[in-house]
4 protein chains.
Amino acid sequence: MTNSVRGGKRERLAAAAARVLHEQGVEKTTLADIAGAAGVPVGNVYYYFKTKDQLVEAAIGEHGRSLRGLLDRLDELPEPAQRLKALVRGWVDQREVAARYGCPTGTLASELDKRADGLDQAVAALMRELLGWMERQFAALGRDDAPELAVALLSSYQGISLVTNTLRDPELMKAEGERLERWIDALR
Amino acid sequence: MTNSVRGGKRERLAAAAARVLHEQGVEKTTLADIAGAAGVPVGNVYYYFKTKDQLVEAAIGEHGRSLRGLLDRLDELPEPAQRLKALVRGWVDQREVAARYGCPTGTLASELDKRADGLDQAVAALMRELLGWMERQFAALGRDDAPELAVALLSSYQGISLVTNTLRDPELMKAEGERLERWIDALR
Amino acid sequence: MTNSVRGGKRERLAAAAARVLHEQGVEKTTLADIAGAAGVPVGNVYYYFKTKDQLVEAAIGEHGRSLRGLLDRLDELPEPAQRLKALVRGWVDQREVAARYGCPTGTLASELDKRADGLDQAVAALMRELLGWMERQFAALGRDDAPELAVALLSSYQGISLVTNTLRDPELMKAEGERLERWIDALR
Amino acid sequence: MTNSVRGGKRERLAAAAARVLHEQGVEKTTLADIAGAAGVPVGNVYYYFKTKDQLVEAAIGEHGRSLRGLLDRLDELPEPAQRLKALVRGWVDQREVAARYGCPTGTLASELDKRADGLDQAVAALMRELLGWMERQFAALGRDDAPELAVALLSSYQGISLVTNTLRDPELMKAEGERLERWIDALR
DNA sequence: GATGAATGAGCGTTCATTCAT
DNA sequence: GATGAATGAACGCTCATTCAT
């Protein structure tokens, strides 16, 4: 009740975690970094998240929410090919961020994979969600190799994100996005 | 004879660094981990490498050496399409490792990118080397969009490595490899 | 009441630093030494001082505070010659400490001088403060060579501190103190 | 015999130690620093000096030798007052070095004093040697307070060295030197 | 004697986590 | 609930000293 005014701390922390972990990486980010970015005192973080891992989990959750929001918006488009191409265009629009920090989900997946927490499974679930959506679009296009195509498209995005990031050249993602759009058009 | 035990410590350290950094990630790997894997006392590491960063650099160098070795072997094949497909098949052969730890160069690039050491440029140089080789193959195939195709192929590999790793499913890489081989065949 | 135990940790650390650094020297003193002397766990020191250098700085600050306190007390004496001689007598009173550890400011200046931190400038400022005060007293005595006399007096003190310390003989400082008092009396 | 050609390593090490320890301080100087300055491989140092302390001892010995050389030269002057003033003039001539690194013997005394090696006694012996010589000059001037005057003169030099060094102003030593010369002239 | 290599103890510093109020 | 302070284990790195040839 009363904390509807001061509250939202949990949300602020999750949002700050998502952003800062993306920009700095999991290992290089301290709890103080996240707390500072959220404007929350360090000692107070633990009322919302018992461990640093839970903060990472919350960050993954944030990425999941924004992924779902995106897919919902895409679903309003009439044609599956339109939806897929709009997805690609969304990636291209984010190319500056990708060039600086990589794909938020991909870099998280890469880092968390080196650990034994089960957090990697949370990111994997996110990827599976996106894969499933892609698969449905390719199936709607009449492709019976939809699963394979979904993996190919996701891989292309993850790969071009990494390459764009490593070479610090956002234009690479633009060219690859155009190539992927042509590829989608050629599929039916 | 006697220096089978003592000799090549620097090389052993570099090799151990390449392996352990790939398996555990840069941040989660301690100098003691690398020293232990190489069978060298911790204090002695600093006789060969003044900082942890230099050890990372040496690991990158190792990956560079093995990349160059691979490309040299591929160059002995007569046809550019054969070379490219043999490259893809090499990736597929390594799918079990990729499923567990990802692509050595890619994960390194992803992690180092969050830092300001200039080490990221060393990995970037590796990627550019591979890109250049690919470009020459595509050009030899008569394609004037060789640079773009090279980026697409590298991205596909980096992406499928990440997805394979995240979903822990080596078969994904196998299927994608076959798709890429068909794609290469269809290019000319 | 309750914070007689917990309170003023920062001050306790600064005081402990001033004392221990004087007794053991900057380089030979570990953070654990200072923490131990202040009754503070090692890890907690960094809550108050981010680096060892900041602890040294705090110690210099402590010496500055006690210097200012001394000069304020001396300023209450009516005659400049009285003030100067009281200063000298204060030094002589501390001759046992000087014989064991030297002048706190002087030894600090000597050690910090070998470094490039800028900490040496903090000690230099302390010396300039004392020099300025002395100069004002000599000027009040009507001497137009006040700056030179101030340097002579400070040097005599620093020098006799070092000699007293090296030869471990507090009586040297006593004799020199008496000589300096006669010298002051002979000035007007 | 044969090492009259390659030899002198011990001497080179002692001379390098004297110089480097003066410039960098005892604690901040590593064995590698001294070895490097002497052009001797690190591992070889231990054939000449079993410990770092023995190298410090050798450095003190070097300072002793040069002190004795100086006093011998001064002894050739006919008058005790001339000898004392020539000593002072020698200090003033070295004021640039003093401004940068302090008095070699004094800074050594200050640093070694914080330790329990007995090395401090070796420096103390040096000071006593100089004190004795001064005492003889003052006695030859007919002063029965020669011991006290010797301490006063040594202190003035040590003090002005420290102040000159801390304030990085060689001119301070010049002015004080002139004052000391006038003081000597006024003694008889 | 000479030398590169080896060794291990210790230092300053960081940080996730917990505690007391 | 909220907060500043406390805690300790771990890390990267240095260096005097010793070893093997």
Side-chain angles (χ1 to χ4, degrees), chain A residues 2-3 6-7 9-10 26-35 40-56, chain B residues 2-3 5-10 13 26-35 39-56, chain C residues 2-3 5-10 13 26-35 39-56, chain D residues 2-3 6-7 9-10 26-35 40-56:
Chain A
T2 61
N3 53 356
R6 305 151 79 225
K9 271 191 186 177
R10 190 187 180 85
V26 177
E27 298 291 338
K28 300 218 68 163
T29 297
T30 70
L31 279 186
D33 287 339
I34 298 175
V40 168
V42 207
N44 198 11
V45 173
Y46 281 84
Y47 274 88
Y48 301 96
F49 301 97
K50 290 276 164 239
T51 63
K52 186 183 178 181
D53 277 12
Q54 286 188 11
L55 261 169
V56 177
Chain B
T2 60
N3 54 357
V5 177
R6 306 188 49 237
K9 238 180 210 185
R10 190 187 182 89
L13 279 166
V26 176
E27 299 289 341
K28 303 223 41 154
T29 298
T30 71
L31 286 178
D33 288 339
I34 297 175
V40 166
V42 206
N44 196 13
V45 172
Y46 282 85
Y47 187 80
Y48 298 96
F49 300 96
K50 293 272 161 254
T51 62
K52 186 183 179 182
D53 276 13
Q54 285 188 13
L55 224 23
V56 177
Chain C
T2 59
N3 55 356
V5 177
R6 307 187 50 237
K9 239 179 209 186
R10 189 185 184 90
L13 278 166
V26 176
E27 298 290 340
K28 304 225 39 155
T29 297
T30 70
L31 286 179
D33 289 339
I34 297 175
V40 166
V42 206
N44 197 14
V45 172
Y46 282 84
Y47 187 81
Y48 299 96
F49 300 97
K50 292 271 160 258
T51 62
K52 187 182 178 180
D53 276 12
Q54 285 189 11
L55 225 23
V56 177
Chain D
T2 60
N3 52 358
R6 304 150 80 223
K9 271 191 187 176
R10 189 186 182 88
V26 177
E27 299 291 338
K28 300 218 65 161
T29 299
T30 70
L31 279 185
D33 288 339
I34 298 175
V40 169
V42 207
N44 197 10
V45 172
Y46 282 83
Y47 274 88
Y48 301 97
F49 302 97
K50 289 277 164 240
T51 63
K52 186 183 179 181
D53 276 11
Q54 286 189 11
L55 261 169
V56 177

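To the nearest angstrom, C1' of E:dT3 lies 12 Å from OH of D:Tyr48. Nucleotide F:dA20 holds its P atom 12 Å from the NZ atom of B:Lys9, rounded to whole Å.
Residues satisfying the salt bridge (charged side-chain N to carboxylate O under 4.0 Å, His left out) test with D:Asp53, not counting sequence neighbours, are D:Arg115. Applying the side chain to side chain donor-acceptor pair (under 3.5 Å) criterion to B:Thr30, with sequence neighbours excluded, gives B:Asp33. For B:Tyr46, the side chain to side chain contact (heavy atoms under 4.5 Å, CB included) partners two or more places apart in sequence, or in a different chain, are B:Leu31.
Consecutive Watson-Crick or G-U pairs involving DNA chain F, each under 3.5 Å on both distances, make up stems of three or more pairs at E:2-21 with F:2-21.
For the atom pair CD of D:Glu27 and OG1 of C:Thr29, the computed distance is 9.5 Å after rounding to the nearest 0.5 Å.
Residues B:Val45 and B:Ile34 are not in side-chain contact: their nearest non-hydrogen atoms beyond the backbone lie 4.5 Å or more apart. Two residues are said to be in side-chain contact when any heavy atoms from C-beta on lie closer than 4.5 Å; B:Lys9 and B:Asn44 meet this criterion.
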| said: I need a per-nucleotide contact map over nucleotides 12-17 of chain F, read 5' to 3'. Cutoff is protein heavy atoms under 4.0 Å; write B for the base, S for backbone only, - otherwise. | reply: SBBBSB
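Comparing B:Val45 and D:Pro41 against DNA chain E, the residue whose closest nucleotide sits nearer the 5' end is D:Pro41.
In this structure, C:Arg10 forms a cation-pi arrangement with C:Phe49, its terminal cationic atom sitting closer than 6.0 Å to the ring centre and no more than 45° off the ring axis.
In this model, the phosphate group of F:dA5 is approached by a side-chain N or O of C:Tyr47 to a distance below 4.0 Å at OP1 or OP2.
A donor-acceptor distance shorter than 3.5 angstrom exists from the side chain of D:Lys52 to the backbone of D:Val26, with no hydrogens or angles considered.
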